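What follows is a set of notes on a single structure, which appears directly below.
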Protein chains: 2
Amino acid sequence: MVRPERTFTISELAREFKVTPRALRFYEDKGLLAPQRDGLNRVYSGRDRARLVLVLKGKSVGLPLVEIKELLDLYNADEQHRAQNEAALKKFRERLVALEEQRHDIEGAIDALKDGIARLEQVLAEKAPAATISAARAYEREARRRLAEA
Amino acid sequence: MVRPERTFTISELAREFKVTPRALRFYEDKGLLAPQRDGLNRVYSGRDRARLVLVLKGKSVGLPLVEIKELLDLYNADEQHRAQNEAALKKFRERLVALEEQRHDIEGAIDALKDGIARLEQVLAEKAPAATISAARAYEREARRRLAEA
DNA sequence: CGTTTACCTGACGCTAACGTCAACGTCAAG
DNA sequence: CTTGACGTTGACGTTAGCGTCAGGTAAACG
């Protein structure tokens, strides 16, 4: 019983993984997927679907499509998956380092922003007593808006 | 004594802030800077320099140039700096939220990667007994490297 | 038979922040 | 005089990952 493996249309897969058909065609263009054809129409197999899962996982950790492709290619070429695993491991580690650096940068930016926010809040608090005309106007607008909402 | 304020050439500023002259011209193109001219040559004043500092600070927290421009424009228009401060505060807060979300995403990706790395390491460790030629070579290289270091 | 519906293939557009190149001007030093 | 350093203005190129047409095919429905 060679159960005739399930297949998928482009929009089925698109729906399932919340990507657009355009994206799937794009991945194909880039050599990440290679579905069969029924005439012109793409027919995705279970393996294609699995590959797509890997593509999306790669994307989720920020790997560029070209690198994902490399991994997928290796995966095919290397039946033992040995070199593939080593390569993946290497890429993953590199990505990890890059991500941790990014996180560090972002944390720096966050600190800088919090600092700036604190300063601004202080300045505004000091100025608050001597409210400007524009502030008064803003208050008026806001008041009207709330009345309108009610 | 109106000490003739110091001025800067494009490459001076570029060197000082480690940006390219091209970048400075680009900022000007985008309306972020507006240095005087001596003939065709740009002449940056102290105020221009100060603006540049703000531009770079904005960049460092990930604000797009267009938004930095908005803030700078406001800064000029609003002598009391009141609206400017409020606007900046708003943008900063938005940016902060965005950055914290980014950090969250990155942390998710980092976890996913660490997970993947752990799996791969395990797989490779299991396969290790039946070491491949490439692994043996890698070991050799590593061994030589350590010897060389000592 | 006509009309949706789903699918296809190009091919150009878009965003951000510059890089790069061409072609030229200007000025001091050798 | 010529060379080199520095400056200028366009204008096109780059990177990633698709979005968005335009224009056409093919099958299924009523």
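Bear in mind the structure is a predicted one, so any value in this text is a computation, not a measurement. Labels below follow one simple rule: chain letters A, B, ... track the order of the sequence lines, proteins then strands, and each chain is numbered from 1.
A straight line from CG of L13(A) to P of dA6(C) spans 16 Å, rounded to a whole angstrom. The nearest whole Å value for the distance from the NZ atom in K30(B) to the C1' atom in dC18(C) is 10 Å. Rounded to whole angstrom, the span from the CG atom of L24(A) across to the P atom of dC7(C) amounts to 11 Å. If you measure from atom CG of D29(A) to atom P of dT9(C), you get 9 Å, rounded to the nearest angstrom. F26(A) has its CZ atom 14 Å from the C1' atom of dA11(C), to the nearest Å. What separates CD of E67(A) from C1' of dT15(D) is a distance of 14 Å, to the nearest Å. Spacing between atom CG of L32(A) and atom P of dC18(D) amounts to 10 Å, rounded to whole angstrom units.
Annotation for E100(A): atom CD counts as buried by contact number, over 12 foreign heavy atoms lying within 6.0 Å.
Dashed line: the shortest gap from a side-chain N or O of Y27(B) to OP1 or OP2 of dA17(C) is not under 4.0 Å. The shortest distance between the side-chain N/O atoms of K59(A) and the OP1/OP2 oxygens of dC18(D) is below 4.0 Å.
Of the possible donor and acceptor atoms, one in the side chain of E12(B) sits under 3.5 Å from a partner among the backbone N and O of T9(B).
Salt bridge present: R37(B) and E28(B) bring a charged side-chain N and a carboxylate O closer than 4.0 Å. Using a 4.0 Å cut-off between charged side-chain N and carboxylate O, E5(A) and R49(A) make no salt bridge.
Between the CD atom in Q122(B) and the CD1 atom in I117(B) there is a gap of 14.0 Å [rounded to 0.5 Å].
For L65(A), whose side chain is taken as the heavy atoms from C-beta onward, the closest listed nucleotide among dG17(D), dG19(D), dG19(C) is dG17(D).
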Whether each nucleotide of nucleotides 4-10 of chain D has a protein heavy atom under 4.0 Å at its base (B), only at its sugar-phosphate (S) or at neither (-) is summarised, 5' to 3', as --SSBB-

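The two atoms that bring V43(B) and D38(B) nearest to each other are CG2-CB, 3.6 Å, heavy atoms only.
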